[in-house]
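Let me begin by presenting the structure, written as structure tokens, before commenting on it.
Order of the sequence lines sets the chain letters (A, B, ...), proteins ahead of strands, with each chain counted from 1. Fair warning: this is a prediction, and the values are worked out from it, not measured in the lab.
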There are 2 protein chains.
Amino acid sequence: MDSIDLRLIELLRENARSSYAELARKVGLSAPAVHERVGKLEAAGTIQGYRAEVDHEALGLGVTALIGIIEDSGADTDDVLAALRAMPEVESCYFMAGVESYQLTVRVGTIAELEQLIVRINRTPGVASTRTAIALSTKWENRPQPHLG
Amino acid sequence: MDSIDLRLIELLRENARSSYAELARKVGLSAPAVHERVGKLEAAGTIQGYRAEVDHEALGLGVTALIGIIEDSGADTDDVLAALRAMPEVESCYFMAGVESYQLTVRVGTIAELEQLIVRINRTPGVASTRTAIALSTKWENRPQPHLG
DNA sequence: GGCGGAGGTCGATGGAGTCCATGGTGAAGA
DNA sequence: TCTTCACCATGGACTCCATCGACCTCCGCC
């Protein structure tokens, strides 16, 4: 993990579809060298995958909300997590410090669907209560953080 | 925007580095046809970009936190936004319904850096107060939502 | 000094990306 | 019903890329 690796990661965070040849030109190595470095970063888990960023609104998922979850005192955390994972609307899930054990980012098409989702989460065994905040607009998301080193 | 477009988007959300030939095989079209469809999805803004997903911990950004911001009554929203955008640690920013105008996802290396970041945000003109919750662990993030149609 | 390994370049080749001409299909209008 | 038009898939051709093997270089270590 040297500065060239960091540069490659930065380039791939900006455009994951860059060709190896293009990456090679930008970091000043040959294409096979870049290929091997990227392969090792993937194998090490430093690069976990490559995702297309989409306009959720254009795909009918225009409603974004953040949901905090307070667990029952006797809740089985694994069961709650499994139930949440089974809901495709739940895009991200963090286990938090504080009263609310989980913080979710969810995406649905309509407010009615959001209501149904909240009801479903509240009905999940182990969930004591939820707190939902609706995003009126997304200023930016998943902005790649430039490397300082 | 038909079912093949949706399938292409789904495939690219799973692996943005798939070759056009591979995509073509999976959707049952020729590579040039896929190339043109993807190009149009990009031009229309439906596909906004391609990002490598990284292990933030491996890159020295192991601390994730969610920060809610309450604005001053007389705050200039654009100024606040510009100040937040200038902070590279702020990965995502939503404009919210509710008391807290903004909800941020931030990533830093250490708790000390988080503290400094919070101080900096609180000092920003227009920001009345903040509320920070630290993520102890990330269960999952940016999970691509399968298309139902 | 000699050895071994990590990681680089170079060259070759098979396959992918991409442009273009062609032909088929579906909708709108006479 | 027939025509026309627009759109899109196909298949071929050409360029460029991905990827493999061979060899080279630099270091650290015996």
Rounded distance in Å - [atom1] ([X]) to [atom2] ([N]):
| X | N | atom1 | atom2 | value |
| --- | --- | --- | --- | --- |
| B/Asp2 | C/dG26 | CG | C1' | 14 Å |
| A/Arg17 | C/dA16 | CZ | C1' | 11 Å |
| B/Leu8 | D/dA9 | CG | C1' | 14 Å |
| B/Glu36 | D/dA9 | CD | C1' | 9 Å |
| B/Tyr20 | D/dG11 | OH | P | 21 Å |
| B/Arg37 | C/dT18 | CZ | C1' | 18 Å |

Candidates [options] - which lies nearest the side chain of [X]:
| X | options | value |
| --- | --- | --- |
| B/Pro32 | C/dT18, D/dA9, D/dT19 | C/dT18 |
| A/Ala33 | D/dT19, C/dT18, C/dG8 | C/dG8 |
| A/Ala21 | C/dA16, D/dT10, D/dC17 | D/dC17 |
| A/Ser30 | C/dT18, D/dA9, C/dT9 | C/dT9 |
| A/Leu29 | C/dG8, C/dG7, D/dA18 | C/dG8 |

Might you work through the side chain to side chain contact (heavy atoms under 4.5 Å, CB included) test for B/Tyr102 and B/Tyr94, ending with a clear yes or no? CA-CA 6 Å; B/Tyr102 299 103; B/Tyr94 302 95; over 6 Å; no
B/Arg37 vs B/Asp2, test: side chain to side chain contact (heavy atoms under 4.5 Å, CB included). Steps then yes/no. CA-CA 10 Å; B/Arg37 276 173 178 265; B/Asp2 58 6; 3.0 Å; yes
Nearest heavy atom decides the nucleotide; on that basis, is B/Ile4 or A/Ser19 closer to the 5' end of DNA chain D?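 So the residue in question is B/Ile4.
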Closest-nucleotide mapping onto DNA chain C: is B/Glu22 or A/Ala31 further toward the 5' terminus? I mean the 5' end. A/Ala31
B/His35 side-chain N/O to C/dG17 phosphate OP1/OP2 under 4.0 Å: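 Looking at the OP1 and OP2 atoms of C/dG17, neither is under 4.0 Å from any side-chain N or O of B/His35.
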Tell me whether the side-chain N/O atoms of B/Lys40 come closer than 4.0 Å to OP1 or OP2 in D/dC8.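 Checking D/dC8 against B/Lys40, a side-chain N or O does come within under 4.0 Å of OP1 or OP2.
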For atom CD of A/Glu22, decide whether the heavy atoms of other residues, nucleotides or ligands shown that lie under 6.0 angstrom number more than 12.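 Check passes, neighbour count above 12.
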Only one of A/Leu12, A/Asp5, A/Leu11 forms a side-chain contact (heavy atoms from CB on, under 4.5 Å) with A/Val38, so which one is it?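 Per the side-chain contact (heavy atoms from CB on, under 4.5 Å) rule, the option paired with A/Val38 is A/Leu12, out of A/Leu12, A/Asp5, A/Leu11.
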Could B/Arg120 and B/Glu89 be called an ion pair, given the rule that one side-chain N must be under 4.0 Å from one carboxylate O?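 Yes, B/Arg120 and B/Glu89 are salt-bridged.
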